[in-house]
2 protein chains.
Amino acid sequence: MAATIEALREEGFSGTSAREIARRAGCNQGLVFYHFGSVTNLLLAALDEVSALRLTRYQDAVEGAHDVGQLVATAESVFVEDLDAGYISVLAEMIAGASSTPGLGAEVAARIAPWRRFAADAMRDMLADTPFSQLVAPEELAHAVVALYLGLEMLAHLDGDRAPALALFERARQIAGLLGALGGVSVAKEEPWAR
Amino acid sequence: MAATIEALREEGFSGTSAREIARRAGCNQGLVFYHFGSVTNLLLAALDEVSALRLTRYQDAVEGAHDVGQLVATAESVFVEDLDAGYISVLAEMIAGASSTPGLGAEVAARIAPWRRFAADAMRDMLADTPFSQLVAPEELAHAVVALYLGLEMLAHLDGDRAPALALFERARQIAGLLGALGGVSVAKEEPWAR
DNA sequence: GTCTATACTTGGATAGAC
DNA sequence: GTCTATCCAAGTATAGAC
């Protein structure tokens, strides 16, 4: 499983063959099929593990954050962990690779669903009792956050440079602090601006 | 070239072989190597064409937009075009696939660079003479926009559902209109908040 | 320029020894 | 459970006829 994650991160979807995985795991190629039936099944199992592992990590991190600034700071440290371990790379490679294997798309989508729910919950909590809850639905914001996270990871991985992504987190933290200081007075809560 | 774009969109990076491209183009597989030398070269040529094609389209669209609301509306219609034609899919597949072919990453990154410059210019124009120019650097915002665009496309392609992405554009348009109406009075321009 | 034919490599998957 | 050996399919790439 660890070898699969490693291979997905370093060799990409199309480079992650049974032979490549076995080479990294230091075992025989046939074992992939003995234990998982097919390479695709192993890829999905790896995605399952990554997904479960990270989700609990995220939940713990978000529970410890009590304002938006802390939330962004937490998101940043978790993002760095993801970059280092290549977890989001696994996700991105699986999403991109899904188009080449019939039926894989649905499986990948199903495994991303919990992340979306998690993000939506986090956004709901974050927006609660702020004037912004009138401006944007938590599910919408969550979709944007997931997409942004994915895109940032892909660009960071492509360039081998995480600085632009980290600068964005820094900026988000700064703006979050600013909005917190304004205390939500600049936008009146009573206005029914939401469509 | 058209067959290559089509294949990348429908079969993904790993499904886009010389044979698959030739099948779609209705010609012989060997022609790929006669005309382009290698499959990788053809992929890069296709990315070049898509990049050039879309960049001029984007530039025209942005020139026609004179406020933020129009800019967002324009971005949405161009985004829908991209989804329909699979242009961003080509980009996403090439980025994800880059990790499997040594040296491909740098080539892909070089072809994305003009998009980043374009996005940064558009953001600079958009932020000019607004109080937000103090809050965030155009390059930072551009990086986020490119990443978000990429992520939205990947999720839309995975789910076969573009509704969440379109809802976000709608929301952005709404908020842009709101900010325009506020006229930038809620944030004083003199404050040196930017680090 | 386009085709057929072919050499060579890699990958998925299975059979059978241990 | 793990290994060796092997089959088969698919991919890249080239040579050579037309």
Side-chain angles (χ1 to χ4, degrees), chain A residues 1-49 86 89-90 92-108 111, chain B residues 1-49 86 89-90 92-108 111:
Chain A
M1 209 85 104
T4 307
I5 294 171
E6 207 181 278
L8 271 173
R9 184 182 56 180
E10 292 177 23
E11 308 293 338
F13 180 85
S14 66
T16 303
S17 63
R19 288 180 159 90
E20 176 65 26
I21 294 166
R23 194 184 62 77
R24 287 171 185 268
C27 73
N28 188 272
Q29 167 255 143
L31 287 186
V32 166
F33 303 96
Y34 176 79
H35 286 284
F36 296 92
S38 71
V39 174
T40 303
N41 282 348
L42 173 50
L43 292 175
L44 286 173
L47 182 55
D48 270 336
E49 188 175 79
S89 237
V90 169
E93 289 293 334
M94 289 296 287
I95 292 176
S99 18
S100 70
T101 310
L104 186 54
E107 298 290 332
V108 174
R111 282 160 179 84
Chain B
M1 210 84 107
T4 306
I5 294 170
E6 207 180 279
L8 272 173
R9 184 182 58 180
E10 291 176 22
E11 309 293 337
F13 181 84
S14 66
T16 303
S17 62
R19 286 182 157 89
E20 176 64 25
I21 294 166
R23 196 185 61 77
R24 287 172 185 267
C27 74
N28 188 272
Q29 166 256 145
L31 288 186
V32 166
F33 303 96
Y34 176 78
H35 286 284
F36 297 92
S38 71
V39 174
T40 302
N41 281 348
L42 173 50
L43 291 175
L44 285 173
L47 182 55
D48 269 336
E49 189 175 79
S89 238
V90 169
E93 289 293 335
M94 290 296 287
I95 291 176
S99 21
S100 70
T101 310
L104 186 53
E107 297 291 331
V108 174
R111 282 158 179 85

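To find a chain, count down the sequence lines: A is the first, B the second, and so on, and within it residues start at 1. From a predicted model like this one, the values you see are computed outputs, not experimental measurements.
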Worksheet, complete the sentence: Here the distance between atom P of dA13(C) and atom CD1 of Ile21(A), to the nearest Å, is 11 Å
Worksheet item: For Val90(B) and Thr4(B), what are the C-alpha separation, side-chain angles and deciding distance, and is it a side-chain contact (heavy atoms from CB on, under 4.5 Å)?
Response: CA-CA 9 Å; Val90(B) 169; Thr4(B) 306; over 6 Å; no
Fill in: Glu20(B) bridged to Arg23(B) by N-O distance under 4.0 Å
yes
Worksheet item: Tell me, which of residues 26-41 of chain B have any heavy atom that sits under 4.0 Å from an atom in DNA chain C?
Response: Cys27(B), Asn28(B), Leu31(B), Tyr34(B), His35(B)
Discussion item. Can you measure Glu20(A) atom CD to dG12(C) atom P for me and round it to whole angstrom units?
Written reply: 11 Å
Discussion item. Test side-chain contact (heavy atoms from CB on, under 4.5 Å) on Phe36(A) and Leu31(A); report intermediate values, then the result.
Written reply: CA-CA 8 Å; Phe36(A) 296 92; Leu31(A) 287 186; over 6 Å; no
Worksheet item: What's the CZ-P distance between Arg19(A) and dT9(C), to the nearest Å?
Response: 13 Å
Discussion item. With a 4.0 Å limit, can you tell me whether Ser17(B) has a side-chain N or O closer than that to the phosphate oxygens OP1/OP2 of dA10(D)?
Written reply: no
Item to complete: Apply side-chain contact (heavy atoms from CB on, under 4.5 Å) to the pair Ile5(A) and Glu49(A), showing each step before the final yes or no.
Response: CA-CA 10 Å; Ile5(A) 294 171; Glu49(A) 188 175 79; 4.2 Å; yes
Item to complete: Would you tell me whether Ser99(A) and Glu11(B) have side-chain atoms, one donor and one acceptor, within less than 3.5 Å of each other?
Response: no
Worksheet item: Between Glu93(A) and Arg9(A), does at least one N-O distance fall below 4.0 Å, as a salt bridge requires?
Response: no
